[in-house]
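A short write-up of the structure that comes next.
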Amino acid sequence: MNSSKAGTVKELPVGIDEATEEEYASQSKLLQEFTNISSIDKAWVFKSESGICSQAMFLISQPNLLANKKRKFMLSTSISKGSNNNVNFQWAPFPVEMTGVSITVPSPSGSKLLVIRNPENESPTQFEIWSSSRLEKEFRIPQSTHGSVYADGWFEGISWNSDESLIAYVAEEPSPCKPSFDCQGYKQGAAKDKECMSWKGQGDWEEEWGECYAGKRQPALFSFCAVEEPSLNFPPYHSGKVHAVKGIAESLSVGQVVWAPPVESIDQYLVFVGWSADPRKLGIKYCYNRPCALYAVKVPLYKSEAAESDLNPDGKFIVFLSAKASVDSGVHSATDSLHRIDWPTDGKLCSSTKIIDVIPVVNCAEDGQFPGLYCSSFLSKPWLSDGCTMILSSYWHSCQVILSVNVLSGEVLRISTADSGFSWNVLTLDRDNIIAVCSSPIDVPQIKYGCLVDKATNTTAWHWLNVSSPIFKCSEKVTSLLSHLQFGITQIPVKDVSDCLTKGAAKSFEAIFVSSKVNNAPDPLIVVLHGGPHSVSLSSFSKSLAFLSSLGFSLLIVNYRGSLGFGEEALQSLPGKIGSQDVNDVLTAIDHVIEKGLVNPSKITVLGGSHGGFLTTHLIGQAPDKFVAAAARNPVCNLSSMVATTDIPDWCYVESYGSKGKTIFTEAPSAEHLTHFYSKSPILHISKVKAPTIFLLGAQDLRVPVSGGLQYARALKERGVETKIILFPNDIHAIE
């Protein structure tokens, strides 16, 4: 044979034939089309000089799969209202990419914009202050002053004071001096980091706040002078000068700082949240059960003669969310409460300052009534012009809704529409109007503009207008695929109410069902399970789930009892019963849709991450004939081994033992404890598993360490079950 004429053999990845490769290529292209849909991270509205229209900025993100990063860009628009109560958004022709930007924070008046660029190495942190037309000031803060500014959504806090002369923020404390060594051994005196023929030791090991905070130094509070000319009466403040705020205990990790309402005084207060490290730091991300408190510290106030004080409607009091229900019970997340502190007009705080309850914890609401507050953060400016009504987003069963809350009367109103099953999220306020997004599992987000129907008559009805926007544009193929889908939120009755100790525990839970409109024969089903367990799957648009739906799968997204949004009694019914109550709820939901003829019982798969992975691996063991395949992302598989390696060992106790778990928690589990943990774990049922299972594991996961998933997967392989492991070497728990 003449080798030059022989056909070229196509080289394929191991274990993949040509037909499968073509299918992967087609699905990969479609996934990219879904992934390219942008998301709005934040939005701000600014008053125009004319007062007729408003200007708005939207911070938008879009995944860059090839670079394994997110692109961030800013898009501006002009907002004007017509005489016939319509609204017009005039969008800029193109967005501006925010390369290297970590945080953007407008000043209270909207005349300045603070831009912070955190370094990726030991370089200085860059602060920029922009006006409407140019860069006004630029400062570089060296690592000897502080490390990166926190932009994590937890400790993160950046606040301009009212006259825009000072900025308070949270950043990593400076790195402590570490021992130096050279060829002669220990070296006296400080050595430069890159000094030839010497090296630095690590110093003493220090506890960290777990998942997401590996390598991060303790968050500390700093203030920064943003004005050009300092007053001679206040020598500490010079333009660009950074000060560590004094009077804060070294043991406190600080976050979420705001300036208190200004008073006629040379001093002003900073109010912040402080978390104690006593007895040690446990994982804090997603864990609202970490005890904390509000603190106020006095700082000298530089009074700018040129700046105008723009007092917000909320200048008379401070409101705050409390996670006391979570702290008291030990569960990582629970029903919130809202409180108010009337700030003293003379600025003199005392330890007996009265805390007024605005929204208490709701244990069990009547059908159709407010189920309780589930809100992790506020807008920076959440107030309507009456000075006492704030607008916020909260979970209401399987939906996210927009609420108006009167912080004086405690009146709570659901102001987003309730009849569609869509989820809503408030982005920002335009005077007394609301800019929000709404979406569903089959509808990409849509910007909405909310107006009070008749402000003059003090009515509480809101009218919502559709806003044409380029932000959420998607391909024609994606639009077509989504148009063939339908969804509904289904009530699932509890199977055995005799086990329910409270009224809330006996109430129906919910599942979101997504399917094809043309359903001659039921599509294969994916059961989707959220983590936590005290989290919730919302009826909002998810690019990954919409992609799965578009491939021809129906989805059953189960909010089992213990989920957020259904009242405190339903939530607290799960601790102590994991691996049984939650598993039975999922099986009940599956049987419910089978009985309705919506699902082919021979084509059911299950997908879940974290506690959802715990349920996934439990289900394929406890109901091995129910599922034909499974996918588990960073699953909790063996509590008896996880308790020694996770950043949240107390979670293992509280969820396994219930309310007494918080009391008996110890760093040295007894043999009895370990036996109990094993009895609650999916690995107990591993001998019965039949379903082919894929594992997605983050190698840097501190919450559910990779060893647990690997142990379970290896044990499946040992028993001859088809198993595949995909390891993400640089990813943590979320695998983002």
task: Any pair with a residue in residues 551-603 that passes ring pair (Phe, Tyr, Trp, His ring centres under 6.0 Å), sequence neighbours left out, goes on the list, sorted by first then second residue, please.
output: His397-Phe566, His530-Tyr560
- request: Any pair with a residue in residues 484-504 that passes ring pair (Phe, Tyr, Trp, His ring centres under 6.0 Å), sequence neighbours left out, goes on the list, sorted by first then second residue, please.
  value: none
message: Under a plain distance cut-off of 3.5 Å, with no hydrogens placed, do Ser329 and Gln572 share a side-chain donor-acceptor pair?
response: yes
field: Distance-only polar pair, side chains of Lys81 and Asn86, donor-acceptor under 3.5 Å
entry: no
side-chain hydrogen bond (donor to acceptor under 3.5 Å, both in side chains) pairs, two or more places apart, involving residues 467-483: Glu33-Ser475
Where at least one partner belongs to residues 496-505, residue pairs that pass side-chain hydrogen bond (donor to acceptor under 3.5 Å, both in side chains), sequence neighbours excluded: Glu366-Lys503, Asp496-Ser498
message: I'd like to know whether Ser326 forms a side-chain hydrogen bond (donor to acceptor under 3.5 Å, both in side chains) with Ser333, so could you lay out the CA-CA distance, the side-chain angles of the two residues, the decisive distance to 0.1 Å, and finally the verdict.
response: CA-CA 5 Å; Ser326 184; Ser333 187; 5.8 Å; no
Under the side chain to side chain donor-acceptor pair (under 3.5 Å) rule, collect the residues that match up with [X], sequence neighbours excluded.
X	result
Ser610	His733
Thr389	Asp386
Asn584	none

Partners of [X] by salt bridge (Lys or Arg N to Asp or Glu O under 4.0 Å), sequence neighbours excluded?
X	result
Asp367	Lys507
Lys324	Asp328
Arg414	none
Asp591	Lys626

Of all heavy-atom pairs between [X] and [Y], which one has the smallest distance, and what is that distance?
X	Y	value
Ile79	Ala56	CD1-CB, 3.8 Å
Ala334	Leu571	CA-CD1, 3.8 Å
Gly608	Thr616	N-OG1, 3.2 Å
Gly368	Trp396	O-CZ2, 3.6 Å

- request: Could you go through the side-chain hydrogen bond (donor to acceptor under 3.5 Å, both in side chains) check for Glu156 and Gln256 one step at a time?
  value: CA-CA 6 Å; Glu156 177 182 346; Gln256 303 175 24; over 6 Å; no
field: Donor-acceptor pair, side chain of Gln400 and main chain of Ser394, under 3.5 angstrom
entry: no
- request: Would you confirm whether the ring centroid of Tyr449 sits within less than 6.0 angstrom of the ring centroid of Trp462?
  value: no
query: Are Trp44 and Phe46 close enough that their ring centers fall under 6.0 Å?
result: no
- prompt: Pairs in or reaching into residues 560-580: which pass salt bridge (Lys or Arg N to Asp or Glu O under 4.0 Å), with residues at least two apart or in two chains?
  reply: Arg561-Asp585
message: Students often mix this up, so state it plainly: with edges at 30° and 60°, are the rings of His611 and Trp651 parallel, tilted or perpendicular?
response: perpendicular
Drop me the distance from [X]'s [atom1] to [Y]'s [atom2], to the nearest 0.5 angstrom.
X	Y	atom1	atom2	value
Phe422	Ile489	CZ	CD1	10.5 Å
Ser39	Lys72	OG	NZ	11.0 Å
Ser416	Trp464	OG	CH2	6.5 Å

